[in-house]
Amino acid sequence: MRIGYIGLGKMGMPMAINLRAAGHDLIVHNRSRGKVDDFVADGGTAASTAAEVAAQSDVVCVNVPTPEVSLELLLGADGAIESASEGQLWIDFGTNGPDTARTCAEAAAAKGVNYLDAPVSGGPGGAQAGTLAVFVGGTEESFAQGSDILDIIGGKIEHFGPAGTGCIAKLTNQMIIASVRQANAEAFVLAVKNGLNPRQLYDTLMGAFAASRCMEVDIPNLVLPQDYSANFAVDLLLKDLGLALDVGRQSGVPLVATAQADAIYQEIRSMGWGDLDAAATFKRLEEIVGVEVTEPEAG
């Protein structure tokens, strides 16, 4: 199958590599040409625009950070729609609002093209391992057409309904992890302030009801080493929280915890930490309280 892949970032690059490793022909485009050159050095074809990608592909995958960029690449000047062919499939792996997904689905349908919104979760490690959770929206026909590709990049794939539902499902994930990370930060900073060993607390909580995937990933890999290099940046989470709050307003659902998490992350970004990992809720509270949740010294 000829697969076009647009967006070779931290998630897109390993996902595209897995598709190539599965035997598919890849046509790739990225705003940073260096990543395209790195990819095609091991196989694949470079394209200068999204339209050029679409002209050569049976399936066009998009993996970019914002709805605005997705819309530009799919529907804008030199976008995929200019060269789309009937029967083609578009898969958008970015986290967008459901309105963006519906707009793209409608424009695609007018050209005889199928569309899936299929945002993913699992971080760069999950992208490399091909074990991502994939939240899918689109028609049954589109889902069936894309199933082989989704099986390569994902370990847990769920089709939630028509276009836009995949985006809503992914936003619920972002809402939960934002609030959980703040709760985890408060708990561990409180414990350290009162003399507890954070490693001991972590080991105990991971066997208790408070255990979570956020705790499992953040504490040993980011917090205790005091390394907040971004797997998923504060700026990107804030984009997702803003989209979730928009859906809440449109749906008449009050999102109090999400609004509180959004305010905390806005504060973190104002401190100049927008490019840090979203686990920077710990760093913020450590600064306020004057302690560090770090690995205790031996002895």
Side-chain angles (χ1 to χ4, degrees), residues 10-11 65 95 120-129 131-133 170-245 248 254-299:
K10 287 184 178 180
M11 299 293 289
T95 303
V120 299
S121 180
Q128 292 168 9
T131 58
L132 294 168
K170 171 62 185 294
L171 292 176
T172 66
N173 181 78
Q174 307 304 81
M175 292 162 61
I176 292 167
I177 65 172
S179 295
V180 167
R181 278 178 159 143
Q182 176 59 17
N184 286 346
E186 291 177 5
F188 276 85
V189 170
L190 175 71
V192 171
K193 182 67 174 180
N194 285 277
L196 275 69
N197 179 321
R199 167 63 72 172
Q200 182 183 22
L201 180 63
Y202 166 75
D203 290 340
T204 304
L205 289 176
M206 284 305 298
F209 203 67
S212 68
R213 179 66 174 154
C214 282
M215 187 183 295
E216 180 183 17
V217 170
D218 291 350
I219 302 300
N221 299 304
L222 302 172
V223 179
L224 294 179
Q226 291 288 291
D227 179 5
Y228 293 99
S229 303
N231 286 317
F232 185 75
V234 167
D235 285 339
L236 290 176
L237 182 56
L238 273 170
K239 180 265 296 184
D240 295 347
L241 294 178
L243 293 171
L245 290 169
L255 304 180
V256 177
T258 303
Q260 289 176 335
D262 180 72
I264 289 165
Y265 277 104
Q266 295 284 359
E267 178 188 348
I268 291 170
R269 180 161 64 184
S270 74
M271 298 169 76
W273 297 341
D275 60 344
L276 296 185
D277 193 89
T281 47
F282 285 83
K283 185 174 176 65
R284 165 188 169 270
L285 204 54
E286 288 171 336
E287 291 272 331
I288 292 171
V289 177
V291 301
E292 286 189 347
V293 180
T294 189
E295 200 78 65
E297 294 183 6

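Using a 4.5 Å heavy-atom cutoff, the side chains of Phe282 and Ile219 are in contact. Using a 4.5 Å cut-off on side-chain heavy atoms (C-beta onward), Lys10 and Asn231 make no contact. Side-chain atoms of Asp235 and Trp273, non-hydrogen and from C-beta on, never get closer than 4.5 Å to each other. Lys239 has its side chain out of reach of Pro65: every pair of non-hydrogen atoms, C-beta onward, lies at least 4.5 Å apart. Looking at heavy atoms from C-beta onward, Cys214 lies in side-chain contact with Asn184 at the 4.5 angstrom threshold. With contacts defined as side-chain heavy-atom distances shorter than 4.5 Å, the pair Thr281/Tyr265 qualifies. Two residues are said to be in side-chain contact when any heavy atoms from C-beta on lie closer than 4.5 Å; Pro198 and Leu224 meet this criterion. Counting heavy atoms from C-beta on, the side chains of Arg284 and Gln182 come closer than 4.5 Å.
Atom-to-atom distance recorded for Gln260:CD and Leu241:CG is 12.5 Å, nearest 0.5 angstrom. To the nearest 0.5 Å, atom CG of residue Leu276 and atom CZ of residue Arg269 are 13.0 Å apart. Distance CD1/Ile264 to OG/Ser179: 8.0 Å, rounded to 0.5 Å. To the nearest 0.5 angstrom, Lys170 atom NZ is 6.0 Å from Asp240 atom CG. With values rounded to the nearest 0.5 angstrom, Leu171 atom CG is found 7.0 Å from Thr95 atom OG1.
Between the side chain of Asp277 and the main chain of Phe232, a donor-acceptor pair closer than 3.5 Å is present. Put simply, the side chain of Tyr228 never gets that close to the backbone of Asp275: no donor and acceptor are under 3.5 Å apart.
When all heavy atoms are compared, the tightest approach of Leu237 to Ala178 is CD2-CB, 4.1 Å. Of all heavy-atom pairs spanning Val192 and Glu292, the tightest one is CG1-O, 3.6 Å. Closest of all the heavy-atom pairs between Ala191 and Leu201 is CB-CD2, 3.5 Å. The two residues Met215 and Ala210 make their nearest non-hydrogen contact at CE-O, 3.6 Å. The two residues Glu216 and Asn221 make their nearest non-hydrogen contact at O-ND2, 4.1 Å.
Screening residues 191-210 for side-chain hydrogen bond (donor to acceptor under 3.5 Å, both in side chains), with sequence neighbours left out, gives Arg199-Glu295.
Under the salt bridge (charged side-chain N to carboxylate O under 4.0 Å, His left out) criterion, Glu287 pairs with no residue, sequence neighbours left out.
Side-chain contact annotation: Glu286 with Gln226, donor-acceptor N/O pair under 3.5 Å present.
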